[in-house]
Amino acid sequence: MTATDASAAGHAPDVHSRPDPAGISALSISCVSHSYGPRRALIDVSFAVAPASFTALLGLNGAGKSTLFALITRLFGIQAGRIGIFGHDISLAPGDALRLLGVVFQSRTLDLDLSVTQNLLYHAALHGIAKREARLRSDEVLTRIGLADRAGSKVRELSGGQMRRLEIARALLHRPRLLLLDEATVGLDVKARADILGHVRQLVIEQAIGVLWATHLFDEIMPEDDLVVLHQGQVLAHGPVENIIADARARDINSAFMRLTRAAADPGSPAP
Amino acid sequence: MSSTTVNRDQSGFSLAQYVTCLNGIVWREALRFVHQRERFVSALVRPLVWLFIFAAGFRQVLGISIIPPYETYILYEVYIAPGLMAMIQLFNGMQSSLSMVYDREMGNMRTLLVSPLPRWYLLFCKLVAGTAVSLLQVYAFLLIAWFWDIAPPTIGYLTVLPALVLSGLMLGALGMLISSGIKQLENFAGVMNFVIFPMFFASSALYPLWRVQEGSPLLYYVCLFNPFTHAVELIRFALYGQTNWISLAVVFCCTTAFMIGAIYAYDPSRGLVRRGPAGGET
């Protein structure tokens with residue numbers, strides 16, 4: 001079925017059938033700044049996420065990660081700078097940009113009184129996906145994340161890890177090409193964390209989805225990842241993890257982060 | 001895309017996708033309403049208490065002369081029935097806005113707002129969903145009221161429907177506008193005191209305006225400029241197969257104004273920009 005056929009059937013277009021224009025980033029953030037009154041939450045933030053890549057956004061609590069996510073998802077208006085998703089400006093063409101985006105927020109956004117399937121169908125409706133197609137897709141994503149047997153359960157009956165997996169399933173339902181996850185493993189046990197992280201990494205490989213994974217946990221970052229270090233609203237480093245460690249003359253990402261943040265706090269100290 | 005396949009708007013969505021979205025939002029609102037049975041019961045008990053107790057007590061005190069749309073002397077219960085129908089919609093509109101504030105605090109609202117469909121349309125769907133729920137409540141009230149000898153002409157049950165839709169949209173849009181300005185759920189109690197009660201009591205819901213004018217000319221003008229008065233009068237006339245054109249115009253204009261205000265307030269580059277991220281997030 002072509003994208004046109006799918007649309008004619010009342011389905012959301014299958015974005016995977018569209019070729020990627022060469023050189024377009026999955027996510028491009030250029031000179032973005034944001035303030036809450038006098039407090040500056042983001043200062044001149046710029047970086048890009050390549051398609052089919054895993055980029056970790058590392059920052060302590062209060063670094064500005066959630067503010068950045070709110071800007072990317074258009075929950076807040078952009079005060080300065082530009083954000084593009086596969087070349088679509090989020091301010092100028094929000095519909096085109098948001099339909100390519102799946103997002104898992106830090107706080108839970110599921111409706112606890114609805115069942116697992118009802119939550120997915122609601123999300124599908126918000127993306128204009130016809131009911132029959134939505135049912136097929138929800139069965140598919142639930143099977144993939146191992147929740148098929150809980151399809152009829154109320155969400156409030158799920159464990160924390162299952163809720164997170166459901167949120168990821170929901171974010172994938174409309175087949176996005178870029179997935180944002182804001183501290184998706186917070187409050188989960190070690191096994192649930194590993195499962196979710198492993199699942200998201202598989203998505204990058206199997207479905208060529210670009211992922212931006214916001215975290216404050218060093219052990220969630222792998223040497224082959226791209227990394228953005230965000231501290232007090234500013235990007236301190238951006239690039240492959242190994243390069244950042246080497247540039248900081250550190251042993252590992254943990255000590256590299258400490259050196260970078262220390263240097264940012266004390267501009268007079270020698271650069272790492 | 002060829003123009004012969006599917007008509008799409010500027011945002012690239014077909015009419016079928018818009019309808020799917022509307023159905024989804026109405027369906028979710030209906031599911032939530034079904035799950036909250038106590039909400040349905042309390043929505044019915046409130047006007048029934050007014051009807052069975054308040055009206056029964058006041059019917060001897062308050063005489064109602066023959067005023068349009070009535071053609072004979074009527075019982076006080078008959079007079080306040082349209083006001084109570086509007087009251088159901090007023091409370092439902094505020095309840096919907098309360099649930100929007102709750103959804104925003106809990107994070108559910110984000111699911112709605114990150115949809116790629118235009119935000120004005122998402123808010124409109126939410127409004128339609130809330131109005132649909134209010135219609136169920138009003139007709140349940142009318143059914144019970146029928147056993148209390150409040151029986152408008154049979155055709156009135158049909159002719160009142162467009163009036164109920166319009167007044168439901170107006171009161172829902174007002175609630176939505178209010179919800180956009182409320183930062184915390186706790187602040188909502190103020191809405192009850194400063195919006196619902198003044199709107200209800202300073203209207204023609206419980207007493208005709210000529211009675212108010214006799215008592216206080218100033219209050220009469222307050223009532224006259226209260227949009228809720230016009231919602232009540234629109235329903236009152238429609239229930240008897242008539243149209244109050246002034247009330248229709250006022251309700252229509254207020255619906256449009258409140259809706260534009262709510263869309264403006266929920267625009268990320270304006271209203272929501274003043275807020276910080278949800279609790280615990282940075």
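The model shown is predicted, which means the values in this text are computed figures rather than measured ones.
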Answer with side chain, backbone, both or neither: which region of B/Leu122 has an atom nearer than 4.5 Å to a non-hydrogen atom of chain A?
side chain

Step by step, would you call A/Leu114 with B/Arg28 a side-chain contact (heavy atoms from CB on, under 4.5 Å)?
CA-CA 9 Å; A/Leu114 300 187; B/Arg28 187 224 183 201; 3.8 Å; yes

Evaluate A/Lys131 against B/Asn23 for side-chain contact (heavy atoms from CB on, under 4.5 Å), listing each step before the verdict.
CA-CA 10 Å; A/Lys131 203 157 190 177; B/Asn23 288 343; over 6 Å; no

For chain B, which residues from residues 117-126 of chain A lie under 4.5 Å away (heavy-atom distances)?
A/Gln118, A/Leu121, A/Tyr122, A/His123, A/Ala125, A/Leu126

Passing candidate, side chain to side chain contact (heavy atoms under 4.5 Å, CB included) with B/Val114, options A/Ile72, A/Thr73, A/Thr109:
A/Thr73

If the condition is ring-ring contact (aromatic ring centres under 6.0 Å, His included), which residues does B/Phe52 pass it with, not counting sequence neighbours?
B/Trp148

Sorted by chain and number, sequence neighbours left out, ring-ring contact (aromatic ring centres under 6.0 Å, His included) with A/Phe257 holds for A/Phe218

Nearest heavy-atom pair of B/Gln17 and A/His127: which atoms, and what distance?
NE2-O, 4.3 Å

Closest non-hydrogen atoms of A/Arg74 and B/Arg119, given as atom of the first, atom of the second and distance, are O-NH2, 3.0 Å

Under the ring-ring contact (aromatic ring centres under 6.0 Å, His included) test, which residues partner B/Phe124, sequence neighbours left out?
none

Check whether NZ of the Lys or CZ of the Arg A/Arg99 lies under 6.0 Å from the centre of the six-membered ring of B/Phe13 and within 45 degrees of that ring's axis.
yes

Run the side-chain contact (heavy atoms from CB on, under 4.5 Å) test on A/Val103 and B/Arg110 for me, step by step, so that the C-alpha distance in whole Å, both residues' side-chain angles and the decisive distance to 0.1 Å come before the verdict.
CA-CA 10 Å; A/Val103 58; B/Arg110 295 173 180 199; over 6 Å; no

Quick one: closest heavy-atom pair of A/Ile129 and B/Thr20, and the distance?
O-CG2, 3.2 Å

Quick check on A/Leu101 against chain B: is it the side chain, the backbone, both or neither that has a heavy atom closer than 4.5 Å?
neither

